[in-house]
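To start, the structure under review is shown below, and the notes come after it.
In what follows, every heavy atom counts, from backbone to side chain, and hydrogens, waters and symmetry copies are set aside.
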Amino acid sequence: MSLNRIGVIGAGTMGSGIAQVCASAGLRVTLIDVSESALARGMQAMDEGLQRLVRKGRISEARHQEALARVHTTTDYGCLAETDLVIEAATENLELKLRILRQIEEVVSAETLIATNTSSLSITQLAAVLRRPERFIGLHFFNPVPAMQLLELIRGLQTSSQTHARVETFANVIGKTPITVENAPGFVVNRILIPMINEAVFVLQEGLASAQDIDTGMQLGCNHPIGPLALADLIGLDTLLAIMQVLHEGFGDPKYRPARLLKDLVAAGHLGRKSGRGFHSY
């Protein structure tokens with residue numbers, strides 16, 4: 001069975017990006033958020049993203065408009081009734097995601113697959129709230145979604161092989177390269193990446209080098225396209241801290257403890273690009 005009708009919960013950075021790549025691949029998208037203003041911001045972000053592709057000559061203006069026309073926005077969960085796959089892309093908060101997953105299952109058909117876009121939370125734990133947990137899987141998209149090729153497919157203890165196979169096909173349809181990951185704190189990419197960024201914060205905290213020099217060192221010394229502290233600002237320092245806390249709690253290993261400077265910056269509201277200030281100013 002093809003997954004042609006996609007529901008996306010959350011019109012923020014990740015949700016709007018997921019909606020954009022699905023619509024650009026010819027799929028019908030129902031985009032849900034709590035308010036019309038949030039949905040309008042999500043549609044504006046998609047419009048701007050598609051316009052950039054037009055300016056770069058990657059798509060035509062006609063394809064830009066066709067993609068936008070495939071996205072239906074609403075605050076009504078009932079509109080998910082005819083979807084084949086629903087992707088929850090809300091804030092990285094366990095209780096919020098559990099509540100949304102319950103709402104999704106109340107309205108979708110028995111055949112609809114349900115997924116979460118999470119960067120660290122347990123797929124097995126999230127699946128346990130559903131009556132049919134075998135149809136649940138983790139889809140970890142990377143930011144910015146339209147530009148990043150990778151898609152982590154995370155199998156919970158309950159995820160069926162059929163669910164995995166169908167979602168793997170979906171990943172290829174929307175132009176992503178999937179890798180299959182078993183459920184564990186941080187999965188694969190973030191388990192490697194986030195502690196590396198956290199170590200860069202420790203280096204800055206200890207005064208070994210400036211933020212700019214740390215980033216330049218990793219760019220020119222390791223051929224990274226962006227330095228770890230600039231990447232932290234792009235991800236969002238609050239998100240980075242949340243993932244580090246999940247790793248620390250999940251493994252019980254002190255090597256995953258968040259740097260004090262990271263916690264201080266989040267407490268001060270310096271969250272990176274989205275707040276205008278983090279390790280760098282914007």
- Message: side-chain hydrogen bond (donor to acceptor under 3.5 Å, both in side chains), that's the test. Do S35 and S37 meet it? Break it down for me.
- Response: CA-CA 5 Å; S35 68; S37 59; 3.0 Å; yes

- N143, I18, V145 screened by side chain to side chain contact (heavy atoms under 4.5 Å, CB included) with T13, the one that passes: N143

- Message: If hydrophobic clusters are built by linking Ile, Leu, Val, Met, Phe, Trp and Tyr wherever their side-chain heavy atoms come under 4.5 Å apart, do V203 and Y256 end up in the same one?
- Response: yes

- Task: Report the distance from atom CD of E182 to atom OG1 of T124, rounding to the nearest 0.5 Å.
- Result: 9.0 Å

- Given L262 and F202, is the side-chain contact (heavy atoms from CB on, under 4.5 Å) satisfied, shown in steps? CA-CA 9 Å; L262 174 61; F202 273 117; over 6 Å; no

- Message: Quick one, L113 and V108 - any side-chain contact, counting heavy atoms below 4.5 Å?
- Response: no

- Atom CG of N223: over 12 foreign heavy atoms under 6.0 Å: no

- Message: Could you see if V21 belongs to whatever hydrophobic cluster contains L39? Use Ile, Leu, Val, Met, Phe, Trp, Tyr and a side-chain cutoff under 4.5 Å.
- Response: yes

- Message: Treating R191 as the side-chain partner and V188 as the backbone partner, does any N or O pair qualify as donor plus acceptor under 3.5 Å?
- Response: no

- Query: Under a 4.5 Å side-chain heavy-atom rule over Ile, Leu, Val, Met, Phe, Trp and Tyr, are L139 and M14 clustered together?
  - Reply: yes

- Message: salt bridge (Lys or Arg N to Asp or Glu O under 4.0 Å) for R41 and E36? Distances and angles first, verdict last.
- Response: CA-CA 9 Å; R41 288 192 296 271; E36 293 296 339; over 6 Å; no

- Query: More than 12 heavy atoms of other residues, nucleotides or ligands under 6.0 Å from CD of E61: is that the case?
  - Reply: yes

- Message: Whether E106 and R131 form a salt bridge (side-chain N of Lys/Arg under 4.0 Å from carboxylate O of Asp/Glu) is what I want to check.
- Response: yes

- Salt bridge flag under 4.0 Å for residues K274 and D238: yes

- Query: Under 3.5 Å, is there a donor-acceptor pair between the side chain of T83 and the main chain of V86?
  - Reply: no

- Item | Worked check of side-chain hydrogen bond (donor to acceptor under 3.5 Å, both in side chains) between T159 and E134 | CA-CA 4 Å; T159 306; E134 70 278 1; over 6 Å; no

- Query: With distance as the sole test, does E88 use its side chain to make a donor-acceptor pair with the main-chain N or O of I9 at under 3.5 Å?
  - Reply: no

- Task: Could you walk me through whether T169 and L3 pass the side-chain contact (heavy atoms from CB on, under 4.5 Å) test, one step at a time?
- Result: CA-CA 9 Å; T169 299; L3 303 175; over 6 Å; no

- Item | N/O donor-acceptor pair under 3.5 Å between K176 side chain and F141 backbone | no

- Message: Between K97 (side chain only) and A90 (backbone N and O only), is there a donor and an acceptor less than 3.5 Å apart?
- Response: yes

- Query: If you group Ile, Leu, Val, Met, Phe, Trp and Tyr by side-chain heavy-atom gaps below 4.5 Å, do I174 and F142 land in one group?
  - Reply: no

- Hey, is the main chain of A230 close enough, under 3.5 Å, to the side chain of D215 for a donor-acceptor pair? yes

- With a 4.5 Å limit on heavy-atom distance, are the side chains of H224 and M196 in contact? yes

- Message: Measuring from atom OG1 of T177 to atom CD of E152, what distance do you get when rounded to the nearest 0.5 angstrom?
- Response: 12.5 Å

- Query: From N190 CG over to I192 CD1, what is the distance, rounded to the nearest 0.5 angstrom?
  - Reply: 9.5 Å

- Common cluster, I214/M244, ILVMFWY with side-chain heavy-atom separation under 4.5 Å: yes

- Task: Taking atom CD of Q162 as the centre, report whether more than 12 heavy atoms of other residues, nucleotides or ligands fall under 6.0 Å from it.
- Result: no

- Query: For T239 and E92, what are the C-alpha separation, side-chain angles and deciding distance, and is it a side-chain hydrogen bond (donor to acceptor under 3.5 Å, both in side chains)?
  - Reply: CA-CA 7 Å; T239 301; E92 197 80 341; over 6 Å; no

- Might you point out which heavy atoms bring G175 and Q149 nearest each other, and give the distance in Å? O-NE2, 2.9 Å

- Query: Do any N or O atoms from the side chain of R5 and from the backbone of E82 form a donor-acceptor pair under 3.5 angstrom?
  - Reply: yes

- Kindly indicate whether the side chain of R155, heavy atoms from C-beta on, has any atom under 4.5 Å from the side chain of V181. no

- Given side chains that start at C-beta, do those of L247 and D253 come closer than 4.5 Å, heavy atoms only? no

- From D47 atom CG to Q20 atom CD, the distance as rounded to the nearest 0.5 Å: 9.5 Å

- Message: Between D233 (side chain only) and R273 (backbone N and O only), is there a donor and an acceptor less than 3.5 Å apart?
- Response: no

- Which pair of heavy atoms, one from P258 and one from L241, lies closest together, and at what distance? CB-CD1, 3.6 Å

- Over all heavy atoms of both residues, which pair between P133 and A127 is shortest? Give the atoms and the distance, please. CB-O, 3.3 Å

- Note on the structure: Looking only at heavy atoms, the pair that brings N183 and S122 closest together is ND2-OG, 3.2 Å

- Calculate, to the nearest 0.5 Å, the distance between atoms CD1 and CG belonging to I100 and L96 respectively. 4.0 Å

- Message: Run I104 and Y77 through side-chain contact (heavy atoms from CB on, under 4.5 Å) and show every step you take.
- Response: CA-CA 7 Å; I104 293 170; Y77 274 70; 4.2 Å; yes

- Query: Closest approach of S16 and M46, non-hydrogen atoms and distance?
  - Reply: O-CG, 3.3 Å

- Can you find a heavy atom in the side chain of I197 that is under 4.5 Å from one in the side chain of L240? yes

- Tightest non-hydrogen contact, residues A67 and A23, listed as O-CB, 3.3 Å

- Task: Using a 4.5 Å cut-off on heavy atoms from C-beta on, say whether the side chain of V189 contacts that of L150.
- Result: yes

- Query: Does R135 reach the side chain of E105, with side-chain heavy atoms less than 4.5 Å apart?
  - Reply: yes

- Are the side chain of T112 and the backbone of D84 linked by a donor-acceptor contact shorter than 3.5 Å? no

- Query: Under 3.5 Å, side chain of S2 to main-chain N/O of N4, donor-acceptor pair present?
  - Reply: no

- Query: Can you tell if the side chain of F170 reaches within under 4.5 Å of the side chain of L27, non-hydrogen atoms only?
  - Reply: yes

- Task: Please test L68 against L50 for side-chain contact (heavy atoms from CB on, under 4.5 Å), starting from the C-alpha separation and ending with a verdict.
- Result: CA-CA 9 Å; L68 288 179; L50 291 164; 3.8 Å; yes

- Message: Within this structure, what is the NE2-CE distance for the pair H140 and M148, rounded to the nearest 0.5 Å?
- Response: 9.5 Å

- Parallel, tilted or perpendicular: which describes the rings of H280 and Y282, with under 30° parallel and over 60° perpendicular? perpendicular

